[in-house]
Protein chains: 2
Amino acid sequence: VSEPATPLSLSRTKSLPRRPAARPVDVRRHNLALVLQQVAAEGAISRAELAGVTRLTKGTVSTLVQELLRLGLLVELGTQPDGRVGRPRTVLALNGDGHCGIGLEINVDYIAVCVANLLHEVRFHRVDAIDNRSASLGRVLDRSARLVQAAVQAAAAEGLRPAGIAVAVPGTVDVPAGRLLVAPNLGWSDVRIVDELSVRLGAALPVLADNDANLGALGELWLGIGAESGDYIHVSGEIGIGAGVVVDGTLFRGSRGFAGEIGHVVVDPDGPPCSCGGRGCLERFAGQEAILAAAGLPTTSATTLGQVDTPLRELLALLGQRNRRAEAAVRSAANALGIGLADVVNVLDPDTIVLGGTYASLAPWLVDPLEDVLARQVIAAAWRPVKVAASALGPDAAVRGAAGWIVNRVLAEPGLRVAA
Amino acid sequence: VSEPATPLSLSRTKSLPRRPAARPVDVRRHNLALVLQQVAAEGAISRAELAGVTRLTKGTVSTLVQELLRLGLLVELGTQPDGRVGRPRTVLALNGDGHCGIGLEINVDYIAVCVANLLHEVRFHRVDAIDNRSASLGRVLDRSARLVQAAVQAAAAEGLRPAGIAVAVPGTVDVPAGRLLVAPNLGWSDVRIVDELSVRLGAALPVLADNDANLGALGELWLGIGAESGDYIHVSGEIGIGAGVVVDGTLFRGSRGFAGEIGHVVVDPDGPPCSCGGRGCLERFAGQEAILAAAGLPTTSATTLGQVDTPLRELLALLGQRNRRAEAAVRSAANALGIGLADVVNVLDPDTIVLGGTYASLAPWLVDPLEDVLARQVIAAAWRPVKVAASALGPDAAVRGAAGWIVNRVLAEPGLRVAA
């Protein structure tokens with residue numbers, strides 16, 4: 001039973017949503033998910049321990065576990081001695097060889113796919129470097145669908161059963177409608193991305209879509225920084241700059257699902273025009289192409305299959321050699337990024353800034369100048385400075401988050417998402 | 001019973017919080033609040049209707065209503081015919097002559113107090129104009145305590161029973177600790193505001209404290225714009241500029257409670273230094289004193305008791321006469337405010353911007369230029385432009401929100417907050 005929030009959101013001019021008292025069918029559904037999530041959290045746990053932590057009776061736990069075994073979500077690891085007198089305990093764990101999630105990421109200069117089992121372990125992962133700006137929308141979608149089919153076949157070969165496909169795209173997404181509204185750096189607008197992929201895949205599997213920055217932030221929540229913090233901004237530097245805002249362990253989406261567009265925070269109102277129609281946006285000063293150009297490197301990514309992020313590797317090599325122009329380029333980007341992030345920190349008050357995508361590998365050169373700007377521009381910095389940390393997953397965060405989304409839907413509502 | 005969230009916040013490296021199954025004592029507490037809130041939402045409702053909307057049995061509703069009547073939170077309005085055949089129904093309503101909340105606002109150039117009953121109706125309201133920068137901290141607190149005592153006496157004279165006092169202050173507040181960390185425009189730092197007021201009041205009443213922008217946003221949620229939108233940024237123009245971020249009907253506080261510091265969003269990185277230690281902050285361009293100075297008016301507020309906002313009245317008079325300098329001053333402020341707000345809208349994606357405080361009376365001159373900047377700088381503006389609306393409560397939002405906070409604590413947890 002959830003307690004009423006304090007302060008209470010209450011308006012006398014409209015009715016509260018009808019909040020019914022607890023009913024048995026809701027309780028059973030709740031408890032089925034509760035048991036599954038507890039097993040996921042503990043890794044390995046006995047029925048008796050489950051009864052202890054959930055405060056359910058042993059009989060109820062037994063019935064729920066039986067159902068989860070039947071659905072192929074749990075396995076019994078056999079009996080283990082627990083060091084105490086009495087019967088050895090039978091330990092339950094998530095089934096790592098059962099259901100899986102498929103993640104797809106269509107970005108500006110690559111397409112990635114991965115398969116993750118219920119433990120979020122990667123069982124297949126492939127990245128194709130390709131400049132998607134030079135191909136038509138249809139060709140990019142065809143190629144993406146072929147990559148997904150390769151992933152589905154790889155999963156089947158290992159006996160894994162896909163529970164769905166989630167796709168990350170570098171643009172504004174209407175998630176419930178499965179519609180990409182605009183991806184400025186790809187030049188795409190109004191794409192029914194879920195329908196387009198479903199048709200190409202011809203499968204009965206559910207397809208979901210979300211913004212790459214959102215899924216990157218969720219990937220970090222589930223598989224990276226989330227172990228330490230549930231309040232952070234995951235800022236992902238690619239050709240565009242996106243942010244995923246995580247508050248109290250939950251992705252913050254905004255009223256229309258368009259939150260996190262940090263790439264278009266104004267750094268200099270008199271700055272250069274941006275592809276979004278605005279002026280002086282952060283992307284113009286701290287995006288991947290701005291950094292590469294300032295360092296005197298080519299800004300176009302590799303178009304040859306398999307050569308990912310070649311200009312970025314060159315930049316890192318120059319930084320390793322303490323090349324002054326490269327260092328100045330990154331310092332200048334860090335300054336602009338710091339000003340943009342300070343605004344966001346003043347308004348959102350996160351615990352941590354997570355540097356993702358390209359910024360993860362540039363972190364050694366970004367963290368110090370960023371912390372300087374934040375200390376100067378964040379009003380509450382004197383009481384508790386915001387932490388700045390490199391992402392654990394780097395450029396894989398979005399595709400891992402996409403696969404993890406499918407997996408966590410199964411763990412959250414097992415009765416709805418899978419059949420025995 | 002709350003359903004598991006999708007996507008699930010789940011980290012395998014640490015245990016989930018122990019989420020117990022429902023227990024009878026929790027259910028009773030939950031249902032007591034549920035019934036009280038349903039009465040608050042409906043205004044007047046019968047026991048039978050309560051049973052219908054809550055799906056509780058009529059017997060359970062009867063017991064819960066009896067307890068709420070005993071606590072003095074509900075009254076029976078007698079019987080009313082309902083147009084159907086059968087017995088006329090007995091209608092229940094909140095007791096408007098029982099418990100009340102006391103709100104206090106200590107701002108830069110005034111102190112305000114109000115008393116609100118359980119229906120959020122104002123039963124006492126007083127504003128003393130005084131420049132608090134010219135007095136010592138101790139004198140301001142003494143004066144504030146005397147105003148609260150006047151409010152307590154006024155409440156007692158009407159038979160109202162205060163359930164607590166909430167104070168709004170123009171600075172960063174550690175709410176659980178009852179501590180004002182810094183109020184740059186008052187020159188105060190590290191004030192144990194709750195303890196200081198409790199000692200002066202010598203009362204057993206609970207005292208709470210929060211930032212004025214937060215309480216202003218909550219005031220609007222409960223008593224103003226909240227009837228239309230639960231996703232907005234309430235931006236309050238005073239000597240400082242504060243914002244309260246409301247998401248899905250809940251105030252967003254950030255990881256340390258410091259969210260909403262929009263006054264220190266950077267509008268121009270090469271702009272003038274700010275009292276916060278940063279440079280080119282929004283307050284320097286769009287704060288009350290910046291607007292008045294640009295219009296050629298005195299920037300100091302009235303120090304004579306009773307003369308509230310005199311320079312602001314002069315500004316409004318000049319605007320009414322279409323004075324060019326005054327119009328240019330407000331247009332320039334609107335442009336800076338628009339750039340600062342566009343950043344926030346890109347990151348937070350609110351439904352509406354609510355112009356509060358000074359900005360409420362300037363709204364006729366602010367809305368058009370603001371909407372222009374937002375249309376240009378907000379990436380998702382083409383799909384659904386963010387609405388800009390004047391606050392319903394204007395400069396009273398914070399003190400009304402403070403009193404409402406106390407009232408809503410009672411409505412949310414009646415069993416904990418009041419005794420019979």
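Every chain is numbered from 1 and lettered A, B, ... according to where its sequence line falls, protein lines coming before strand lines. Computed from a prediction, not measured in an experiment: that's the story for all the values here.
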Under a 4.5 Å cutoff for heavy-atom pairs, which residue among [options] has the most contacts with chain B?
| options | value |
| --- | --- |
| A:R256, A:E261, A:R376 | A:R256 |
| A:G254, A:G280, A:C281 | A:G254 |
| A:I233, A:D231, A:N335 | A:D231 |
| A:T172, A:L181, A:D174, A:V265 | A:L181 |

Contact class of [X] relative to chain B, heavy atoms under 4.5 angstrom:
| X | result |
| --- | --- |
| A:V266 | both |
| A:F252 | side chain |
| A:V373 | neither |

Salt-bridge contact B:R253-A:D248 (side-chain N to carboxylate O under 4.0 Å):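 No.
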
Minimal non-hydrogen separation, B:L411 against B:L118, with atom names: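 The answer is CD1-O, 4.2 Å.
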
Which atom of B:A412 lies closest to which atom of B:A33, heavy atoms considered: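 What the structure gives for the nearest pair is O-CB, 3.2 Å.
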
By salt bridge (Lys or Arg N to Asp or Glu O under 4.0 Å) - contacts of A:D351 (at least two apart):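 Per chain and number, A:D351 pairs via salt bridge (Lys or Arg N to Asp or Glu O under 4.0 Å) with A:R384, A:K387.
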
With respect to chain A, which residue among [options] yields the maximal number of heavy-atom pairs within a distance under 4.5 Å?
| options | value |
| --- | --- |
| B:V344, B:V182, B:I262, B:D268 | B:V182 |
| B:V407, B:L348, B:T352 | B:L348 |
| B:G404, B:C274, B:P350 | B:P350 |

From A:T54 atom OG1 to A:N31 atom CG, the distance as rounded to the nearest 0.5 Å: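 Separation between the atoms: 7.0 Å.
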
B:V235 side chain reached by B:I241 side chain, heavy atoms, under 4.5 Å: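 Yes. Closest side-chain heavy atoms under 4.5 Å.
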
Donor on one side chain, acceptor on other, B:H120 and B:N408, under 3.5 Å: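 Result is yes, a qualifying pair exists.
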
